[in-house]
Chemist: 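Structure incoming, see below.
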Amino acid sequence: MSCPVKYTDPQDGEVFDQESGMLYSEYLMLDKILKAQRMVSEEKNRPVHDEHLFIITHQAYELWFKQIIFELDSVRDLFSVMLEETQTLEILKRLNRIVLILKVLVDQVMILETMTPLDFMEFRGYLRPASGFQSLQFRLIENKLGVKQELRVKYNQRYTVVFGSDNEAMKLIENSEKEPSLCDIVEKWLEKTPGLESNGFDFWGKYQRAVEGLLNEQHTSALRETTTNRRNNSLSDWENQKKVYESIFNSKVHDALVSRGERRFSHKAFQGAIMVTLYRDEPRFSQPHQILTLLTDIDSLITKWRYNHVLMVQRMIGSFQLGTGGSSGYQYLRSTLSDRYKVFVDLFNLSTFLIPRSSIPPLTQDMKHHLCLNWNTQSHTNGETTTE
Ligand code: HEM
């Protein structure tokens, strides 16, 4: 039988048994966490001071990864149920929390960079084959956000082999690949953007006509150029613009980009994202617009982390040494900086399709009224969008 812990109150010195409540270290299980730094260099009788920092840094990352997963799972649940104002606020709060944690993670790389490559070399050999490549939580974050297996670089497409003998890890990975990612859920949510109904406000039809008007103006002013050189340049700009817009107006071109991994959202969701962005000043679209901004921030910060990590790796082991996990090291990591790992790449590219405020199709009275109500309270009768 274990003896009850004695607790001395620092104010009055009173000593009492800690039978019912919990002490700080108990609650946080510090006995486990603070004893979890096993320095291999010490065990090999060649202690290297900086190995302690190396371990603590990785552990701190893994703890924050855990918190990110906790928030991500909850945000996906909140998105899946009906979006009411209070839920949108909660989503915003939690996404913002993920963004702030990621900022810390990006900056944290600097602390480990105080270790010199020479110090690292002294214990790196003991680590093999351990590597961040085997970080289960990092893969879960990628999958839960929506990094797609087929869009990973070739070497990374076989990332699950490292978990092969760990059934529990394999199960978690499989689930994270199968269940709807945050990207899938956001896509479904955007598809429901009020105002997209072709038999209602018909945003897409109106937007397309506005863009055609702008392109016609551009064409007319290109033809008015006084020198052949300038006219040709302006006409070629106009041709390029037309092609860029063709990629969103022609659903076949859009779908081809999706199948190549250059776009992620469905055509409808893409329209929703453009609509939310253009009408973000409308009260009803303000929070959705903030959500889109935070999702872009998340992608942007993960890319920044990848970049900082790659730079650190190059500094520590150079460009040509293999990683302890068996990859080509720096070269492999550099290839993960591509847009194929950006889940919300479409949100980054929205700015290509913004039009001047003066050309944004004005809202109808019905639509103005509609945007004062909840996202999911719309229904359609006889082609008219009404509210319940
Ligand atoms: C001296 C510091 C570090 C070095 C030299 C280093 C090196 C590497 C290398 C070479 C790889 C490629 C896989 C391999 O073949 O091993 C890798 C992957 C990875 N490392 Fe690090 N790493 C360092 C610090 C960290 C830290 C602090 C974290 C935080 C958790 C981390 C997380 C990861 C992750 C998640 C991957 C997989 C990335 C991907 O596949 O996209 N690494 N690391």
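Counting starts at 1 for both ligands and their atoms, in listed order. Quick caveat, the model's predicted, so the values are computed rather than measured.
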Chemist: Working to the nearest 0.5 angstrom, can you tell me the gap between H370 NE2 and R284 CZ?
Modeler: 8.0 Å
Chemist: Just jot down the ligand 1 atoms closer than 4.0 angstrom to any heavy atom of L112, in number order.
Modeler: 2 (C), 27 (C)
Chemist: Quick check on contacts: which atoms of ligand 1 are under 4.0 angstrom from a heavy atom of R306?
Modeler: 41 (O)
Chemist: Could you list the residues that satisfy side chain to side chain donor-acceptor pair (under 3.5 Å) with R260, not counting sequence neighbours?
Modeler: E262
Chemist: Should K171 and E168 count as an ion pair when the cut-off is N to O under 4.0 Å?
Modeler: no
Chemist: Can you tell whether the side chains of R209 and E212 come within less than 4.0 Å, N to carboxylate O?
Modeler: no
Chemist: Scan the side chains in residues 272-280 for donor-acceptor partners under 3.5 Å anywhere in the protein, sequence neighbours excluded, and list what turns up.
Modeler:
from : atom 1 : to   : atom 2 : distance (Å)
T277 : OG1    : A273 : O      : 2.6
Y279 : OH     : P361 : O      : 2.6
R280 : NH1    : T277 : O      : 3.3

Chemist: Side chain or backbone of Y330 under 4.0 Å from ligand 1, or both, or neither, by non-hydrogen atoms?
Modeler: neither
Chemist: Quick check: G325 and ligand 1, any N/O pair under 3.5 Å apart?
Modeler: yes
Chemist: Judged by atom type as modelled, is there a donor-acceptor pair below 3.5 Å linking the side chain of R263 to the main-chain atoms of S247?
Modeler: yes
Chemist: Could you tell me whether E62 and K66 make a salt bridge, using a distance below 4.0 angstrom between a side-chain N and a carboxylate O?
Modeler: no
Chemist: Would you mind checking if R46 and E122 are paired as a salt bridge, meaning a charged N to carboxylate O distance below 4.0 Å?
Modeler: no
Chemist: Could K304 and D299 be called an ion pair, given the rule that one side-chain N must be under 4.0 Å from one carboxylate O?
Modeler: no
Chemist: Could you enumerate the protein N, O or S atoms under 2.8 Å from atom 21 (Fe) of ligand 1, written like residue then atom name?
Modeler: H309 NE2
Chemist: Tell me, which protein residue and heavy-atom name are nearest atom 13 (C) of ligand 1, and how many Å apart are they?
Modeler: S327 OG, 3.3 Å
Chemist: Which of the atoms of ligand 1 are close to G329, meaning less than 4.0 Å from one of its heavy atoms?
Modeler: 10 (C)
Chemist: Sequence neighbours excluded, which residues qualify as side chain to side chain donor-acceptor pair (under 3.5 Å) partners of Q108?
Modeler: none
Chemist: For ligand 1, does Y159 get within less than 4.0 Å through its side chain, its backbone, both, or neither, judged by non-hydrogen atoms?
Modeler: neither
Chemist: Provide, to 0.1 Å, the distance between atom 5 (C) of ligand 1 and the closest protein heavy atom, together with that atom's residue and name.
Modeler: F120 CE2, 3.5 Å
Chemist: So which bit of R139 gets within less than 4.0 Å of ligand 1, heavy atoms only: side chain, backbone, both or neither?
Modeler: side chain
Chemist: Taking atom 26 (C) of ligand 1 as the point of reference, which of R315, H58, M115 owns the nearest heavy atom?
Modeler: H58
Chemist: Identify the closest protein heavy atom to atom 32 (C) of ligand 1: which residue and atom is it, and at what distance?
Modeler: W305 CH2, 3.7 Å
Chemist: Tell me whether E142 has any N or O atom under 3.5 angstrom from an N or O of ligand 1.
Modeler: no
Chemist: Any heavy atom of W64 closer to ligand 1 than 4.0 angstrom?
Modeler: no
Chemist: Heavy atom to atom 30 (C) of ligand 1, shortest distance: which of Y61, F54, F138 holds it?
Modeler: Y61
Chemist: Pairs of nitrogen or oxygen atoms closer than 3.5 Å, one from S135 and one from ligand 1: do any exist?
Modeler: no
Chemist: Rounded to the nearest 0.5 Å, what separation is found between the CD1 atom of I55 and the CG atom of D50?
Modeler: 11.0 Å
Chemist: Would you call E225 and R230 a salt bridge, taking side-chain N to carboxylate O under 4.0 Å as the test?
Modeler: yes
Chemist: Among W305, F163, W64, Y159, whose ring-ring contact (aromatic ring centres under 6.0 Å, His included) with F138 holds?
Modeler: W305
